[in-house]
Amino acid sequence: MTTTKPARVRFAPSPTGFLHLGGARTALYDYLLARQTGGQFILRIEDTDRKRYIPGAEEELMRSLRWLGLEWDEGPDKGGPYGPYRQSERKEIYQKYAQQLVDSGHAYYCFCTPERLAQMRKEQQARGEPPHYDGTCRNIPPEEARRRVEAGEPHVIRFKMPKEGTITVHDLLRGDITVENRTLDDYILVKSDGWALYHLAAMVDDHLMGITHVIRGSEWLPTFPLHAHIYRAFGWEEPIWVHLSVFLKPSGKGKMSKRDAEVFRKGHKSIFIKDLEELGYLPEAVNNWIALMGWSYDDHTEFFTMQDLIEKFSLERLKPSPAAVNFSKLDHFNGLHIRALPEEELARRLVPYFHAAGYPDVTVDDLRPIVPLIQTRITTLDEAPKIAGFFFREDVEPVPEELIAKKLDAAQSVEVARRAREVLAAVPEDAFTPENTEPPMRALVDELGLKAGQVFGIVRVAVTGQRVSPPLFETLAIVGKAKTIERMDKAIKMLEALAKKTQ
RNA sequence: GCCCCCAUCGUCUAGUCUGGCCUAGGACACGGGCCUUUCAAGCCCGCGACAUGGGUUCAAAUCCCAUUGGGGGCACCA
């Protein structure tokens with residue numbers, strides 16, 4: 001861990017949807033840097049566009065962040081010394097700074113109508129030119145512009161981009177990037193409704209909030225020079241800029257689309273954090289997984305707890321190239337973290353999944369003995385009720401054919417089932433443990449000259465209703481003698497019926 | 001179309017800055033084996049990559065150039 005100055009970093013989502021993988025990774029890196037340096041992690045809501053605002057999205061964003069364990073130090077719900085932390089509450093601040101830019105000649109009023117602009121763009125494209133503002137209002141004398149503004153004429157404020165020269169900006173991962181100013185546009189800073197756009201609002205906020213590292217997606221790379229221009233126009237010291245690569249779809253071909261996201265959701269996958277929780281993923285696993293998409297510690301360490309990440313994360317080891325999302329790796333990490341959980345903790349976390357799966361009365365106490373049996377057998381928490389739900393059902397419904405042992409017929413299986421029932425019935429009810437049930441059952445296997453799997457398989461299907469289950473004798477101990485015998489009897493009846501039918 | 005970014009196994013990556021230790025390491029997935037009452041877990045083995053072409057150099061995955069490929073952006077969205 002390198003000792004550096006405390007970092008002030010911010011995660012600044014706009015409330016237009018759910019937290020997804022890309023946002024979560026950005027937030028995670030923000031959080032790690034803040035915690036590692038003893039700095040602050042700030043949550044700022046970028047909600048200046050009222051048209052795109054989705055009610056409830058802000059709360060949902062916060063919920064996902066908290067689920068991941070990324071608690072912020074300053075934010076809209078908890079305040080802080082640099083608030084407010086919602087851009088919709090900072091309108092006057094942006095107007096003041098926009099005015100400052102106009103006064104210093106770095107910005108100007110533009111009275112062009114959206115219709116004219118659209119027409120202009122159309123013509124430019126027809127001519128094969130890249131769309132850009134043509135500068136019509138750039139040279140309106142300040143006094144005249146002011147008069148028109150005061151007369152109530154609709155207007156926006158644009159950045160007065162230099163027509164010549166170049167600007168060199170510095171990204172931590174990519175080094176210096178030099179672009180020609182003429183390829184940049186006179187971007188709009190303040191809309192005609194008086195609201196600042198991202199380009200102005202985020203820069204003002206980042207400066208005012210003392211942000212030391214701006215970590216954001218690489219979709220901001222094209223406007224990065226504009227942002228640097230704004231900082232320099234104000235005469236402010238720039239933060240360290242870090243542009244993270246985007247996530248590609250698993251095939252590596254292109255960015256995730258809305259359509260892709262829907263398809264994933266059908267296949268027990270999702271790019272949305274709130275879905276991942278529902279699908280049975282651990283926040284530990286999700287963090288571990290996304291941390292490693294674009295960052296690495298060394299050539300072999302892959303398992304990281306949050307504490308590990310806080311200690312070992314470093315901006316220097318970030319990678320600038322895009323990364324394809326690999327869901328099977330998430331499954332792998334989830335399995336790893338499930339196995340790393342103390343049994344008591346796993347039991348606690350499993351409770352809601354049993355409730356959701358239709359076992360509303362299951363408690364931690366019920367789950368405690370079962371956890372050791374399934375801990376290595378599930379990769380997501382929602383699999384637990386599927387594999388161990390039979391423990392909580394009054395009755396099980398085996399598929400009759402599955403009761404027939406391998407290489408035996410129905411009649412022979414009935415016989416084996418009857419003998420197994422006898423053996424189990426002979427074990428005392430209050431000592432129905434693996435130590436007492438397994439040896440006599442093994443003796444039976446020898447006596448019958450069969451394979452263990454043949455005999456145990458019948459009992460397994462009879463008692464659990466499944467071909468695949470946790471280890472048999474531990475399972476029987478939890479199910480108890482009474483239910484075991486009851487289910488054996490039922491299985492024997494089913495087998496008898498089958499035997500009669502095939503005669 | 002214009003601008004910007006990126007480039008090692010199918011995928012995530014180590015190695016690139018500071019050329020030689022790289023007949024390129026790890027992980028996921030995949031194939032096989034061991035263990036085994038089912039299924040997992042665990043262990044072992046295998047498969048598999050420096051995009052291409054030019055340079056520079058005694059030596060290039062590593063440096064330079066070009067090409068190709070991929071990604072992103074070009075809104076009174078963020």
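Order of the sequence lines sets the chain letters (A, B, ...), proteins ahead of strands, with each chain counted from 1.
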Please work out if A/W289 contacts a base, only the sugar-phosphate, or nothing of the nucleic acid, heavy-atom cut-off 4.0 Å.
nothing
Considering the options A/I42, A/I240, A/D205, which one meets the side chain to side chain contact (heavy atoms under 4.5 Å, CB included) requirement together with A/I211?
A/I42
Taking A/T113 for the side chain and A/R116 for the main chain, is one N or O donor matched with an acceptor at less than 3.5 Å?
yes
Under 3.5 Å side-chain donor-acceptor pair for A/S328 and A/D331:
no
Distance check needed: B/rC76 P versus A/D186 CG, whole Å only.
12 Å
NA contact type, A/R317, heavy-atom cut-off 4.0 Å: base, sugar-phosphate, or nothing?
sugar-phosphate
Please state the C1' separation for the pair B/rG70 and B/rA75 - nearest whole angstrom.
26 Å
Using the P atom on both, measure B/rC4 against B/rC65 and round to a whole Å.
15 Å
Classify the nucleic acid contact of A/L472 as base, sugar-phosphate or nothing, counting any heavy atom under 4.0 Å across all strands shown.
base
Check whether the side chains of A/Q119 and A/E115 place a donor and an acceptor atom closer than 3.5 Å, and report yes or no.
no
Can you tell me how far P in B/rA24 sits from the matching atom in B/rU36, rounded to whole Å?
36 Å
Counting primed atoms plus P, OP1 and OP2 as sugar-phosphate and everything else as base, spell out the protein contacts along nucleotides 21-31 of chain B at 4.0 Å heavy-atom distance: B, S or - for each nucleotide, 5' to 3'.
----BBBBS--
Looking at B/rC12, B/rA78, B/rG72, which one has an atom nearest to any side-chain atom of A/A323?
B/rC12
Using the C1' atom on both, measure B/rC34 against B/rA41 and round to a whole Å.
14 Å
How many whole angstroms separate atom CD1 of A/I177 from atom C1' of B/rC4?
7 Å
Among B/rC6, B/rG73, B/rU37, the one nearest A/F473 by side-chain distance:
B/rU37
Side chain of A/R52 only, please: which of B/rU37, B/rA78, B/rC12 is the nearest?
B/rA78
Using a 4.0 Å heavy-atom cut-off, does A/G294 contact any base of the nucleic acid, only the sugar-phosphate backbone, or nothing at all?
sugar-phosphate
Could you tell me whether the side chain of A/S218 has a donor or acceptor atom within less than 3.5 Å of a complementary atom in the base of B/rC5?
no
Provide the Watson-Crick or G-U wobble partner of B/rC63, both distances under 3.5 Å; none if there is no partner.
B/rG55
For the side chain of A/Y198, starting at C-beta, report the closest nucleotide among B/rG72, B/rC76, B/rA78.
B/rA78
At under 4.0 Å, does any side-chain N or O of A/K319 touch on OP1 or OP2 of B/rA14?
yes
Please determine, by modelled atom types, if A/D206 and A/Y231 share a side-chain donor-acceptor pair under 3.5 angstrom.
no
Mind listing the closest non-hydrogen atom pair of A/F432 and A/L476 along with its distance?
CD2-O, 3.6 Å
Complementary nucleotide for B/rU37 - Watson-Crick or wobble, under 3.5 Å
none
Are A/T16 and B/rA78 close enough that a side-chain N or O sits under 4.0 Å from OP1 or OP2?
no
Side-chain N or O of A/R121 less than 4.0 angstrom from OP1 or OP2 on B/rC76?
yes
Kindly say if A/R442 contacts the phosphate of B/rU37, meaning a side-chain N or O under 4.0 Å from OP1 or OP2.
yes
Report yes or no: is the cationic atom of A/R148 (NZ for Lys, CZ for Arg) under 6.0 Å from the centre of the six-membered ring of A/Y109, at an angle within 45° of the ring normal?
no
Pair A/D298 + A/K312: basic N to acidic O under 4.0 Å:
no
Any side-chain N or O of A/K191 under 4.0 Å from OP1/OP2 of B/rC77?
yes
When we call it a touch if two heavy atoms are under 4.0 Å apart, what does A/P114 touch: a base, just sugar-phosphate, or nothing?
base
Between B/rC22 and B/rC17, how many Å separate the two P atoms, rounded to a whole number?
16 Å
Taking only side-chain N and O atoms of A/R116, does any of them lie within less than 4.0 angstrom of OP1 or OP2 on B/rC76?
no
Give one of base, sugar-phosphate or nothing for A/L197, where a contact means two heavy atoms less than 4.0 Å apart.
sugar-phosphate
Between B/rG10 and B/rC5 - P atom distance, rounded Å
27 Å
When you get a sec, tell me which of B/rU37, B/rA78, B/rU11 is the closest nucleotide to the side chain of A/A324?
B/rU11
Nearest heavy-atom neighbours spanning A/L173 and A/L315
CD2-O, 3.8 Å
So, with a heavy-atom separation below 4.0 Å from RNA chain B, the residues of residues 122-138 of chain A are A/G128, A/P130, A/P131
Side chains of A/S88 and A/D47: do they bring a donor and an acceptor to under 3.5 Å?
yes
Cut-off 3.5 Å, no hydrogens considered: what does the side-chain donor-acceptor table look like for residues 458-472 of chain A, sequence neighbours left out?
unit_1: A/R460; atom_1: NH1; unit_2: A/S469; atom_2: OG; d: 2.8
unit_1: A/R460; atom_1: NH1; unit_2: A/P470; atom_2: O; d: 3.4
unit_1: A/T464; atom_1: OG1; unit_2: A/R460; atom_2: O; d: 2.6
unit_1: A/T464; atom_1: OG1; unit_2: A/Q466; atom_2: N; d: 3.0
unit_1: A/T464; atom_1: OG1; unit_2: A/Q466; atom_2: O; d: 3.1
unit_1: A/Q466; atom_1: NE2; unit_2: A/I387; atom_2: O; d: 3.3
unit_1: A/Q466; atom_1: NE2; unit_2: A/V468; atom_2: O; d: 2.8

Write down the distance separating the C1' atoms in B/rA49 and B/rA7, rounded off to the nearest Å.
12 Å
Let's see if you can work this out: which of B/rG72, B/rG70, B/rC77 has an atom nearest to the side-chain heavy atoms of A/D49?
B/rC77
Could you tell me whether the phosphate oxygens of B/rU38, OP1 or OP2, come under 4.0 Å of any side-chain nitrogen or oxygen in A/K451?
no
Pairing partner of B/rC2, by Watson-Crick or G-U wobble and under 3.5 Å for both distances, is B/rG73
Nearest heavy-atom contact between A/M494 and A/P398 is CE-O, 3.4 Å
With a 4.0 Å cutoff (strictly under), does any side-chain N or O of A/T223 reach OP1 or OP2 of B/rG73?
no
For A/R127, give me all partners under side-chain hydrogen bond (donor to acceptor under 3.5 Å, both in side chains), at least two apart in sequence or on another chain.
A/E129
Nearest-angstrom distance, C1' atom, B/rA60 to B/rU52:
16 Å
Parallel, tilted or perpendicular for A/H227 and A/H199, by the 30°/60° rule?
tilted
A/Y94: which residues meet the ring-ring contact (aromatic ring centres under 6.0 Å, His included) condition with it, sequence neighbours left out?
none
Reckon A/G254 touches a base, only the sugar-phosphate, or nothing at all at heavy-atom distances under 4.0 Å?
sugar-phosphate
Letter per nucleotide, 5' to 3', of nucleotides 39-45 of chain B [B base touched, S only sugar-phosphate touched, - untouched; heavy atoms, 4.0 Å]
BBSS---
On RNA chain B, check which nucleotide each of A/V325 and A/V179 is closest to and give me the residue with the more 5' one.
A/V179
